[in-house]
Structure formats: structure tokens, C-alpha cells
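Worksheet for the structure shown next.
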Amino acid sequence: MTRIIRVDHSRLDEQLREAVEILRRGGLVVFPTETVYGLGADAYIPQAVEKIFRVKGRPQDNPLIVHISGMDMLHRVASEVPKAAYRAAEKLWPGPFTMVLPRGDVPPIVSAGLDTVAVRMPGHRVALRLIELLADPIAAPSANRSGRPSPTSAQHVVEDLYGLVDLILDDGETLYGVESTVVDFTTDPPTLLRPGPLTPEELMEILGTELEIPEYARGLGHTGVARSPGVKYRHYSPRAEVVLIEMDDYKDLGRLVERVMEELNHLQGRSVVILATDETRDRYMGLGVPVLSLGSRSDPYTIAKNLFAMLREADRLGAEFVLVEGVEERGIGLTIMNRLRKAASRRVSV
Ligand code: TXA
Ligand code: MG
């Protein structure tokens, strides 16, 4: 049985008491964060953490993020906090930012046996308060079935995990709609493992350091050994096949639209949904296929926020194929392209 509680901020502590009970018993609680919904277990109960892998269908070698509510917890879960990481924590926490550090006292299963641990202090009142009341860190991946788009609303969680978790705390849509930025501080300079709401440009400015940006952070085939196990799996995919149409720059949107239409022609007789942008959506009208807009190219944060919900919407519309327009790979655009490339079964360059 899955209980769903609509969060009422005026009696939050009372509502969270039930969630804390469940976590203490080794149960699973889905909670909102400012990025996406998380599927949480008490990080110190290995059997509970094991359940996370089971209900998500997550590969055993893909480690989880540990969520903390205070710096005291950081010093428990990490055995060592380099100065650069400490400064980053001071400036960016609570927030959509995750650091990989040498693992402290959390059970090995949390980190899938690695000697490092990913840690984040979320900037969402419900998430933070839940951890505080539990007084233990919460291990939580995104609350989707493995390989599916991350959930940005409780409805998405219901689609994937209803009946498999004990409680879902519903607090509406999440703020950023894409998962946290992950940076590995066990390397010098630190390595961007996964781009997120905080862009590399902002990070370098705030941290005052260089940042290594490997090919896989762009969602491209990784060179050498993947340091973040999560990068090797196909991700974020709706049931439909995603075809991503990319350009080096997006100055000539007419050419982009033409290429999308060419792909559409190849797919005659199949059910297709086009994921366009405000600037292009009208040009696809009258083709007899549903056209959704991710938002305006001048507001890429909104595109990031809509992305996963739109991929799920394409499924709801019964699409076999989704044709998606790429965006400029700058700032948050890097995050959008990382997610789209990982979701895509085929990429087309214009
Ligand atoms: O915004 C977020 O980060 C959300 C919310 C719930 O906090 N969580 C999330 O978790 O996206 P998940 O499990 O879907 O993604 C965690 C990513 C994976 O790519 C995983 O491989 C990587 O972080 N990761 C976790 N621990 C790691 C470690 N010790 N070393 C390298 N990568 C790690
Ligand atoms: Mg995930």
C-alpha cells in the first residue's frame, strides 16, 4: 500500500512524523526536493537501501546520493572534506549541488561498494526538515523506475512507483526539473560528473577553481574510465524512441525545422510527437502530429524544467517516436543536452 500525503506547510512537522516512522522501520518515502522527487531510505539501514535498488530496478553498481541537513552529518558520511569542497559546501548548500568525497561511515551498499560517497544538502524545506527530524542522512536516487525520465511531480512518481513505496509526499511541481549538479572533489581540479541547475560557468566563478569537464558530462560517449557509474546506462527515456536533432549553433532555425520534417517523413505511418520550442512550434502546424513546446530558447531554465514532463507527455499521447529539437550547449543548455543525448536512441546532426 502506498499512502499519498499532500504537503500542508502549516502543519509540516506533524505530517513528517509519519514519514520519519516509516524510515525508522526501514521503509521507503518519496519526498520533494528543489530538483526532482527523491526515493528515500535511512542511509544507515542497509536492508532499506537495498529495497531502493529493487523497486527502481536500478543496477547494483550505480551508487546513491546521501542527503544531509547539516555539516555535522557531512563529517560522518565523508571521511575527509578537502578545503575546496568545504568552501563549495559553504557557498552552495543547501542547494542543487552534490559532491563526491571519500566515503565515511555510511554502509558500502549506499555507494555500490565504491570508496567514495556522493553528498547533497537539498534546498527544499520538506526534504531538509525530513532529514532533520530523522536525525540521520537519507539515501535517495530520483524517484523514477530506472531508465525513465526523473519525476518532477508526484503524479510522475505514482506512474512509476505506486504500490512499491510506503509513502509519497506530494508538494506539487519541483523548481528546477533536472537533477543536481554532481562534482567529484577527489580529483584536482574537481571533475564535473553530471551537469545540473548550477552551470560550470557559475561553479568555476563561485569556487574560484578550474573544473574538468569530461565528454560524458556533455552526454557524449565517455573517454577512458567512467568515474560516475550512472553515466554508462541509457537514461531519462520515455517508452517512445527519442530522436534528437542537433546543430553546432542554432542561428538558422529554418534548417533545423526542415531536418525535423525530413525525419518525420521517414516515419510515415508511425505515431510521432514533435518536441519543439516557442520559436519553431508554429512551423510544424498542419502536419497532423502533436507538437509540444519545451519553452522559449531565450529562457533555457524553463526548457530544463519542462523537459522530463514533456518526455512523459509524449508517452501519454501514445508516441512511438519523439523528434526533439536540440538547444545551444551553453550554461544550463549543457544540462539539457546531457539529458537529451542520454535519452536519445538516435542523434542527427544538421
Ligand atoms: O537532484 C538530485 O541529485 C536527485 C535528488 C533526489 O537529490 N537525485 C538523483 O539521484 O538524481 P540519482 O541516483 O538519480 O543520480 C545520482 C548520480 C548518478 O549518476 C550516480 O552514478 C552518481 O550520482 N553518483 C552517486 N554516488 C557516486 C559516487 N560515489 N561516485 C560517482 N558518482 C556517484
Ligand atoms: Mg536518476
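All ligand and atom numbering here is 1-based and tracks the order in the structure. Scope of the values below: all heavy atoms of this structure, side chains included, with no hydrogens, waters or symmetry mates.
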Item checked: Heavy-atom neighbours of Glu262 CD exceed 12 at 6.0 Å -> yes
Closest to atom 15 (O) of ligand 1 by heavy-atom distance, out of Arg194, Arg58, Glu179, is Arg194
Heavy atoms only: which of Pro122, Pro63, Ala112, Pro96 lies closest to atom 33 (C) of ligand 1?
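The option holding the nearest heavy atom is Pro63.
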N or O pair under 3.5 Å between [X] and ligand 1:
X	result
Tyr37	no
Ser180	yes
Arg120	yes
Thr116	yes

Q) Please walk me through it: do Met247 and Ser349 pass side-chain contact (heavy atoms from CB on, under 4.5 Å)? A) CA-CA 6 Å; Met247 299 184 93; Ser349 296; over 6 Å; no
Quiz prompt | Asp315 versus Arg239, closest heavy-atom pair with distance | solution =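 Taking every non-hydrogen atom into account, OD2-N, 2.8 Å.
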Counting only protein N, O or S atoms and ignoring waters, those under 2.8 Å from the Mg ion (ligand 2) are Ser142 OG
Could you verify whether a donor N or O on one side chain and an acceptor N or O on the other, from Ser150 and Glu179, lie under 3.5 Å apart?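 Yes, because at least one side-chain N or O of Ser150 sits under 3.5 Å from a partner of the opposite role on Glu179.
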**Message:** Please report the interatomic distance CD1(Ile138) to OH(Tyr44), rounded to the nearest 0.5 Å.
**Reply:**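 Taking CD1 in Ile138 and OH in Tyr44, the distance rounds to 12.5 Å.
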